[in-house]
J.: 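I have a structure here, written as structure tokens, and I will follow up with some questions on it.
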Amino acid sequence: MIKAILIFNNHGKPRLIRFYQYFAEDMQQQIIRETFHLVSKRDDNVCNFLEGGSLIGGSDYKLIYRHYATLYFVFCVDSSESELGILDLIQVFVETLDKCFENVCELDLIFHMDKVHYILQEVVMGGMVLETNMNEIVAQVEVQNRMEKSEGGLSAAPARAVSAVKNMNLPDMPRNINIGDINIKVPSLSPF
Amino acid sequence: MSPSIPLQEMIRAIRSARTQCEERGVIQRECAAIRAQFRQVDNGGARSHNLAKLLYVHMLGYPAHFGQMECVRMIASPRYSEKRVGYLGAMMLLDEKQDASLLITNSIKNDLAHSNQYVQSLALCTLACMGSAEMCRDLAPEIDRLLRASNSYIKKKAALCAVHIVRKVHDLGELFAPAARSLLAEKNHGVLHGAVVLITQLCERNPEALERFRKTVPDLVQIMKGLVISGYSPEHDVAGISDPFLQVRILRLLRILGRHNETASDAMNDLLAQVATNTDSTKTVGNAVLYETVLTVLDIKSESGLRVLAVNILGRFLLNNDRNIRYIAMTSLQRIVGTDHNAVQRHRGTIVDCLKDQDASVNRALELSLALVSASNIRTMMKELAQAASGIFHAAERYAPSQRWHIDTILHVLTTAGGDVRDETVPNLIQLITNTSELHCYTVHKLYRALLTDISQPSLVQVACWCIGEYGDLLLKGECQETEPSQVTEDDALDALETVLQSHMSSPATRGFALTATMKLSTRITENVDRIRSIVSIYGSCMDVELQQRAVEYNALFRKYDHMRYLTSVLYVIGSNEEAVVSISVRCSLQVCDLLDLLGGSEEPLQPSTALGLPNSTSTAGGDLLDLLGGLELTPLAPGLTHAHTHTHTHTHTHTHTHTHTHTHTHTHTHTHTLVETEREPEVKNLTKTKLQTETSSLRIK
């Protein structure tokens, strides 16, 4: 089980925090600080696994992290998860973010924190890995975003009206009305 | 009422704050506005923005509990955008301990039956994240229904939700077992993955479920075969391996099912052999699958040929360029060295080579090598392991063929690699020497000779000084069975100690040892007491405050309380407490004597034993001493604390509960303070758009 997912930058500022086990607010911040402290000390040529800090709880937990440019992605997991698998999962998550945000960078994570959460929700649920297929994740996220947009407030009303009318099923206009000898030609109208 | 600024503007405002104080101000203003807006009945589209802002502020560490009720209200809203944020807020702010969490149970129930699958998925996600036991019990039948009759998107989420429910309420495992079984027939990999996780959870909780699910082994083997030998399937393919995540999950489940069970293990032997040989290990994902296979093989009752294959794969991992792979190989070898000792022995060479690795995590090689040490190969192994000092001591303790060899080895390590040993080595060694009473003479001679040759290794010098102080009489007696006799005069011994005191290579801690040793010698030698007095008084005006303090106290002992000098000879308390205890006890003894003087004092010299009542060689002696002296006011420590002294002080404090506790407290306080300060750095303000390295080079396309 994944206990927590933390993303913070090179100075320790949190960019995304997600705990799958309850911790009080101040504990959460302390965990972030401690994790940053542990992870920032690591050289670049050492392995990506750290025996977990004392706060998150005990000997069974490991920190698995990856460092991308200015961000650290840290997953705190217990022994039921495969370490190499989680490393790959971090990669999947980052590539998904890249697809959703187009060349994602730290600023995207800062200003769209809620969107990042929604993407993460499609990858990990309740501390367990949900989906690892990148295309599937991106597709689902896009559908949900579209749903949200289509609902959006007053500004969407004209758009809604147009799309509603477009989807109306107009019966076909007859081209020629033949009543006996009279032949009325109906001018062709542009399609609605 | 100020119009609410959307999330991005608030973030911009927070980031443009120049100081922590300014940021707090901005956030407080925002929170006040958000609070006011929450109280309003309807805000149109702004409601979701407000909650999103609150969640951002919560992430930065500011209190956000006033948003809990708003989450409940948003969840009940018919609009998808509001539900989305509401559920996110519930997962971040609520947990089963809060009362508000009960209020969302009904909303979740309704949403689980919603026509829109994305609304259903929101409810499932939230339940899996923070569902309490009551909520789980309440909604379990719904989840079971969803497990059976819905689309694959919902099924996979329902499966993981069921896992959470089973974790919270063990009995409900029974409810989900049949549905879990039938899910194995699904084609969708996401659903399969969820099903395998659910079955794993059920088997781990309940031995009966484990028995029943053993029947699924053939199905699982079938699925694995399909994944391993199937043709190219683009949607699940990762670098040529079909859905490695699912493979890893299934292998884990097979491990649980095959453990302690012959029939199940037999059924998987072929498959495991196939996976082990066919999986492409040049890519990292392949290694993940291979690793899992190896673990499974070693855990079930597999045939010996397969086991050897598995250990060989681990051995190959050790040679891999990727340090992560080396790390996990080392961890696994460590776990199995108990059971498959011979197989691991074959890779001893590679393991010992790994010692040269810079990475401390991979340096579990040392622990592993030590585990491979046995009585027969210890002498050869020790030569190879001479670099890694600290673990050697443990191994030497366990398998030492003789005491003398033990002490020799440790001295050898200290001379060659003394700089790398941990701090505890010195007191541990002192303890060892004390306990080997028959070798005191031999030890002190050897250490004296080592001291003459080289005073650059601090640990060695410290131990040597301590020994000379303690067993100086043996040193001066000259005769010793185990080693060649050497004539050591009192002057020679004092020369050696003085060299240490004067050398620029000696750390303050080492000088402390030397000074104390000199002091101790004053009771053991007869002729050169004056020389000792002059040495000690010289240091009374030393620049180092700690040393100066000691020297002054020792001087005082010489002047006023000659009989108390014998106290120092009794004080061979073991542990890093020693130095602290000696100085504290000397100080206290001076105060006791002063006190007695004031009271008209006793004529006869105080018996050392009654004055301080020290038990011998217990590491809590420091604690007892301080307890005994609890009534006396300890003189505050000199402000110029040396590193060693601080170290010993923190050590003492773990044993005692006296008022000196405050010292440690302030020490850690300053430490955290500086950490907080570094967060506010100007570089954050100039954050340009730095591209996130999508490391396409690593896992995926290797």
Side-chain angles (χ1 to χ4, degrees), chain A residues 9 11-14 16-17 20 22 25-26 28-29 33 37 45-50 66 68-71 82-85 87-89 91 94-95 97-98 103-107 110-111 113-114 117-118 121 125-133 135-136 140 143-144 147-148 151-154, chain B residues 8 11 44-45 52 55-56 59-61 63 79-81 84-85 88 95 97 118 125 128-129 153 156-157 160-161 163-164 189-190 197 235-236 244-245 248 284-285 287-288 291-292 323-324 326-328 359-362 675 678-679 681 683-684 687 689-695 698-700:
Chain A
N9 72 356
H11 302 293
K13 276 227 115 123
L16 182 115
I17 59 170
Y20 293 102
Y22 175 70
E25 253 103 55
D26 49 346
Q28 289 188 1
Q29 292 298 316
R33 276 196 297 272
H37 197 56
N45 59 352
V46 300
C47 71
N48 298 92
F49 310 122
L50 256 178
R66 292 198 87 137
Y68 293 91
T70 61
L71 290 175
S82 154
E83 293 102 335
L84 292 179
L87 263 187
D88 206 15
L89 187 69
Q91 181 72 9
V94 172
E95 281 183 24
L97 287 177
D98 199 42
N103 284 342
V104 66
C105 65
E106 191 179 341
L107 282 180
I110 297 171
F111 283 98
M113 184 200 91
D114 51 342
H117 268 289
Y118 299 143
Q121 254 165 234
M125 186 173 113
M128 287 160 288
V129 178
L130 175 64
E131 178 65 63
T132 53
N133 182 330
N135 297 325
E136 174 73 16
Q140 299 295 353
V143 172
Q144 294 183 59
M147 264 185 65
E148 192 169 334
E151 259 190 0
L154 236 59
Chain B
Q8 267 100 28
I11 297 177
L55 291 177
Y56 183 82
M59 177 180 77
L60 292 181
R79 303 181 61 183
Y80 180 70
S81 55
R84 220 180 182 191
V85 181
L88 181 62
D95 82 295
K97 295 187 186 63
Y118 296 105
C125 195
C129 224
Y153 180 66
K156 75 181 180 201
K157 295 207 169 188
L160 290 186
C161 199
V163 175
H164 174 85
H189 281 209
V197 175
E235 67 251 22
H236 297 298
F245 295 95
V248 165
T284 312
V285 276
N287 284 325
Y291 178 61
E292 211 61 40
R323 56 205 116 78
N324 294 323
R326 289 207 298 274
Y327 168 87
I328 56 171
D359 186 347
S361 314
V362 182
L675 199 65
T678 51
E679 278 181 31
E681 284 184 352
E683 294 89 85
V684 174
L687 191 71
K689 230 171 155 47
T690 53
K691 180 166 167 12
L692 209 75
Q693 265 172 25
T694 46
E695 289 181 0
S698 68
L699 295 183
R700 300 256 136 182

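So you know, we letter chains A, B, ... as the sequences are listed, proteins then strands, and number each from 1.
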J.: Do B:Leu60 and A:Gln29 have side chains that get closer than 4.5 Å, going by heavy atoms?
T.: no
J.: What is the distance from atom CD1 of B:Ile11 to atom CD1 of A:Ile110, rounded to the nearest 0.5 Å?
T.: 8.0 Å
J.: With only heavy atoms counted, which part of B:Ile328 is less than 4.5 Å from chain A, the side chain, the backbone, both or neither?
T.: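 The answer is the side chain of B:Ile328.
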J.: Under the rule for salt bridge (Lys or Arg N to Asp or Glu O under 4.0 Å), what residues qualify as partners of A:Asp114, not counting sequence neighbours?
T.: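 Not a single residue meets the salt bridge (Lys or Arg N to Asp or Glu O under 4.0 Å) criterion with A:Asp114.
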J.: Do you know which of B:Tyr56, B:Tyr153, B:Tyr291 has the most heavy-atom pairs under 4.5 Å to chain A?
T.: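 The answer is B:Tyr153.
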J.: Got A:Gln144 and B:Arg84 here, is their nearest side-chain heavy-atom distance under 4.5 Å?
T.: yes
J.: Looking at every non-hydrogen atom in both residues, tell me the closest pair between A:Leu130 and B:Lys157 and how far apart they are.
T.: CD2-CE, 3.6 Å
J.: Does either side chain, that of B:Tyr118 or that of A:Gln140, offer a donor lying less than 3.5 Å from an acceptor on the other one?
T.: yes
J.: Rounded to the nearest 0.5 Å, what separation is found between the CG atom of A:Leu87 and the CG atom of B:Asn287?
T.: 11.5 Å
J.: Please find the pair of heavy atoms, one from B:Cys129 and one from A:Tyr20, that lie closest to each other, and give the distance.
T.: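 Smallest heavy-atom distance, with atoms named: SG-CD2, 3.9 Å.
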J.: Mind listing the closest non-hydrogen atom pair of A:Val46 and B:Arg323 along with its distance?
T.: O-NH1, 2.8 Å
J.: Could you look at A:Phe111 and say if it's the side chain, the backbone, both or neither that has a heavy atom under 4.5 Å from chain B?
T.: both
J.: Within the 4.5 Å heavy-atom criterion, are A:Glu83 and B:Asn324 side-chain neighbours or not?
T.: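 No, their side chains stay 4.5 Å or more apart.
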J.: Heavy-atom cut-off 4.5 Å, strictly under: side chain, backbone, both or neither for A:Met128 against chain B?
T.: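 Contact with chain B: backbone and side chain both.
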J.: Does the side chain of A:Gln121 come within less than 4.5 Å of B:Leu88's, by heavy atoms?
T.: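 Yes, at least one pair of side-chain atoms sits under 4.5 Å.
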J.: Can you tell me how far apart CE (A:Met147) and OH (B:Tyr80) are? Round to the nearest 0.5 Å.
T.: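 Going from the CE atom of A:Met147 to the OH atom of B:Tyr80 covers 5.5 Å.
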J.: In terms of heavy-atom pairs under 4.5 Å with chain A, which of B:Pro63, B:Gly61, B:Ala52 leads?
T.: B:Gly61
J.: Which distance, rounded to the nearest 0.5 Å, do you find between the OH of B:Tyr327 and the CG of A:Leu50?
T.: 8.0 Å
J.: Which heavy atom of A:Met125 sits nearest a heavy atom of B:Cys161, and at what distance?
T.: CE-N, 3.9 Å
J.: For the residue pair B:Gly190 and A:Glu131, what are the closest heavy atoms and their distance?
T.: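 B:Gly190 and A:Glu131 have their closest heavy atoms at CA-OE1, 4.1 Å.
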J.: If only atom types and distance count, is the side chain of A:Glu25 paired as donor or acceptor with the main-chain N or O of B:Met59 below 3.5 Å?
T.: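 The answer is no, because no donor-acceptor pair under 3.5 Å joins these two groups.
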J.: Can you name the closest pair of heavy atoms from B:Ser81 and A:Glu148 and give their distance?
T.: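 It is CB-CG, 3.3 Å.
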